[in-house]
Protein chains: 2
Amino acid sequence: MRDAYHEDLDSLTDKLVEMTRLVRSAISRATTALLDADLPLAESVISHDEEIDRIFADVEESIYELMARQQPVAIDLRMVITALRMGTDLERMGDLAEHVAKVARLRHPESAIPPEIRSTILQMGQIAENLVTKAGACVASRDVEAAKELEADDDAMDRLHRRLFKEILHKDWKHGVEPAIDITLIGRYYERYADHAVRVAGDVIYLVTGSRTA
Amino acid sequence: MRDAYHEDLDSLTDKLVEMTRLVRSAISRATTALLDADLPLAESVISHDEEIDRIFADVEESIYELMARQQPVAIDLRMVITALRMGTDLERMGDLAEHVAKVARLRHPESAIPPEIRSTILQMGQIAENLVTKAGACVASRDVEAAKELEADDDAMDRLHRRLFKEILHKDWKHGVEPAIDITLIGRYYERYADHAVRVAGDVIYLVTGSRTA
């Protein structure tokens with residue numbers, strides 16, 4: 001049987017996995033809201049960000065309590081330190097999904113995304129979801145090999161991000177400056193979301209191996 | 001006389017203050033490089049980011065050592081935890097300054113900034129410098145009242161950020177889409193830089209008071 005201390009550490013992992021689930025749902029719904037100009041869906045992403053913030057506050061509090069009470073060492077110490085970093089990244093991913101939803105809300109009833117860009121944005125959304133799903137699985141399983149794979153998926157996001165700029169700067173671009181600004185920001189939000197997911201996986205590698213350069 | 005343990009904690013503070021000094025210099029030089037289309041200056045910001053990363057790696061290592069060896073409690077525990085958060089924010093501020101410098105480099109020998117936007121960018125750069133200078137002073141002095149002031153300065157950054165969008169979207173904007181994209185990204189970099197500086201000050205408040213909502 002696990003003692004109370006290790007139950008606390010397990011519960012910390014559970015909360016982080018729950019955060020990955022919520023920020024995955026947030027970016028998924030934000031992408032749909034953006035592409036379909038779906039205002040209620042955008043509003044739901046914006047209002048649900050509080051839930052992510054609340055779980056993070058809970059994670060932080062558990063960490064401070066654990067450290068003060070238990071003075072963890074070695075891998076347990078790495079666990080609480082990386083939990084704090086992961087929580088910070090996941091909380092930020094929630095914010096970025098919220099930013100995407102806010103652009104959808106701002107442009108409603110229009111869609112912020114012209115037809116010729118939709119496929120790129122959809123793919124960016126799918127890679128973002130894929131990255132955070134994998135990151136969540138890595139947090140739960142502490143699978144270092146799986147964690148290393150996220151770098152490659154992030155390269156796909158960077159390629160789409162570059163394609164997005166090419167599309168906005170194409171000579172046939174006829175939508176003017178305002179949609180270009182929206183899409184520049186949206187592209188940045190997806191790219192940063194992906195970066196944070198990769199950092200979460202990197203923290204799993206550090207947690208297991210004790211090294212940042214595995 | 002301070003014992004070795006407290007000397008270690010003091011040295012942690014010194015390194016964080018040094019980071020604020022370096023990221024202040026980075027954003028200052030990046031702003032000048034951007035406005036003057038100064039390639040060597042842009043290159044120097046880009047190559048010096050490694051130094052910031054190195055100090056942060058050093059901060060991280062000291063923190064893990066301190067925690068493993070000393071098992072700090074109460075305010076000392078808050079010190080190491082907040083040092084990790086501050087270091088993460090400052091490292092990111094270095095990256096953001098580097099991003100600004102990279103736009104300057106990309107557009108050289110042109111300036112990425114059209115004449116009518118220069119004054120807004122200059123002011124954003126000055127507020128960014130001002131914020132990180134104040135944040136550094138707060139880290140050194142642990143002055144909670146001074147730390148609270150940063151929120152108000154950040155409001156000024158948000159106002160300039162909104163003005164920037166207004167300028168790009170003005171009917172007289174004649175520079176087309178590419179400079180609009182550059183300026184959108186640059187605006188975002190300054191705004192995020194300021195947010196991270198405010199977070200550093202927020203961590204000083206937490207460090208001293210033990211509460212995030214002081």
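Chain identifiers are assigned alphabetically (A, B, ...) following the order of the sequence lines, protein sequences preceding nucleic acid strands; residue numbering begins at 1 within each chain. Only this structure's heavy atoms are used, side chains among them; waters, hydrogens and symmetry mates stay out. Since this is a predicted model, take the numbers as computed values, not measurements.
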With a 4.5 angstrom heavy-atom cut-off, could you sort out which part of B:Ile181 is near chain A: side chain, backbone, both or neither? both
Can you tell me how far the CH2 atom of A:Trp173 sits from the CD atom of B:Glu178, to the nearest 0.5 Å? 14.0 Å
With only heavy atoms counted, which part of A:Arg69 is less than 4.5 Å from chain B, the side chain, the backbone, both or neither? neither
When you check the gap from the basic side-chain N to the acidic O, do B:Lys15 and B:Glu18 get nearer than 4.0 Å? no
More than 12 heavy atoms of other groups within 6.0 Å of A:Glu116 CD: yes
Counting only heavy atoms closer than 4.5 Å, note whether A:Ile168 contacts chain B via side chain, backbone, both or neither. both
I'd like to know if B:Arg54 and B:Glu51 make a salt bridge, using a cut-off of under 4.0 Å between side-chain N and carboxylate O. no
Counting only non-hydrogen atoms closer than 4.5 Å, does B:Arg78 touch chain A with its backbone (N, CA, C, O), its side chain (CB onward), both, or neither? neither
Spacing of CG belonging to A:Asp53 relative to CG belonging to A:Asp58, to within rounding of 0.5 Å: 12.5 Å
Option in A:Arg92, A:Arg85, A:Glu60 with maximal non-hydrogen atom pairs under 4.5 Å from chain B: A:Arg92
